[in-house]
Amino acid sequence: MQAKWSLRLIRIAALFGLIGTVLGSHMAGSGSYAFRPIHAHILLVGWLSMFAWGVFYKIYKVRAKKLIAFHGWSAIIGSIGLTTGMWLQFIKPFNINDTFALVFYIVGGTILLISFALFVVITFLTEKVEKR
């Protein structure tokens with residue numbers, strides 16, 4: 001299960017990395033920095049955090065297997081929810097109701113916060129690895 005989640009998180013990180021760099025390229029080309037906070041969060045929580053979690057699961061063996069899946073799903077849902085919510089809140093692409101956009105943003109961020117808290121717990125539930 002750990003190997004599956006390691007690869008899954010790294011693949012999702014790669015997608016976030018691509019989206020983040022395309023946004024950065026768009027901002028540089030257009031001269032508009034409206035996407036700056038969204039671009040930063042996509043790269044930080046989507047690319048960097050997901051990648052780090054994927055590498056962690058590859059390196060360390062975790063005793064609480066069920067927490068891995070819960071952490072992985074909350075990380076994916078929270079990262080997508082936070083960054084999509086920011087996009088809806090700040091860019092207002094479809095003239096969506098402001099309350100809906102704000103709730104989407106807050107719920108996504110809260111799920112991501114839970115994911116980070118779960119990861120803290122998981123780091124204390126690793127098994128000792130024998131020296132090679």
Rounded to the nearest 0.5 Å, what's the gap from [atom1] on [X] to [atom2] on [Y]? Could you check?
X     : Y      : atom1 : atom2 : result
Lys65 : Leu125 : NZ    : CG    : 10.5 Å
Arg63 : Phe124 : CZ    : CZ    : 11.5 Å
Gln89 : Leu82  : CD    : CG    : 11.5 Å
Thr84 : Ile77  : OG1   : CD1   : 12.0 Å
Ser74 : Ile111 : OG    : CD1   : 8.0 Å
Trp87 : Ile91  : CH2   : CD1   : 9.0 Å

[X] and [Y]: which non-hydrogen atoms are nearest, and at how many Å?
X      : Y     : answer
Asn97  : Thr99 : OD1-N, 2.7 Å
Gln2   : Val62 : OE1-N, 2.8 Å
Phe119 : His71 : CB-NE2, 3.6 Å

Do [X] and [Y] come close enough that some side-chain heavy atom pair is under 4.5 Å?
X      : Y      : result
Phe104 : Ile96  : no
Ile122 : Tyr57  : yes
Trp5   : Trp73  : yes
Tyr60  : Thr123 : no
Leu9   : Ile76  : yes

Say whether [X] and [Y] are linked into one hydrophobic cluster, either directly or through other cluster members, by side-chain heavy-atom distances under 4.5 angstrom.
X     : Y      : value
Phe94 : Phe100 : yes
Ile12 : Phe70  : yes
Leu67 : Ile59  : yes

Around atom NZ of Lys92, are there more than 12 heavy atoms of other residues, nucleotides or ligands at under 6.0 Å?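 Enclosed: over 12 neighbouring heavy atoms sit under 6.0 Å from NZ of Lys92.
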
Only pairs at least two apart or in different chains count here, so list each side chain to side chain donor-acceptor pair (under 3.5 Å) that has a residue in residues 14-41. none

For residues 43-55, please give each side-chain donor-acceptor pair under 3.5 Å, one per line with the distance, not counting sequence neighbours.
residue, atom, partner, partner atom, Å
Ser49, OG, Leu44, O, 3.2

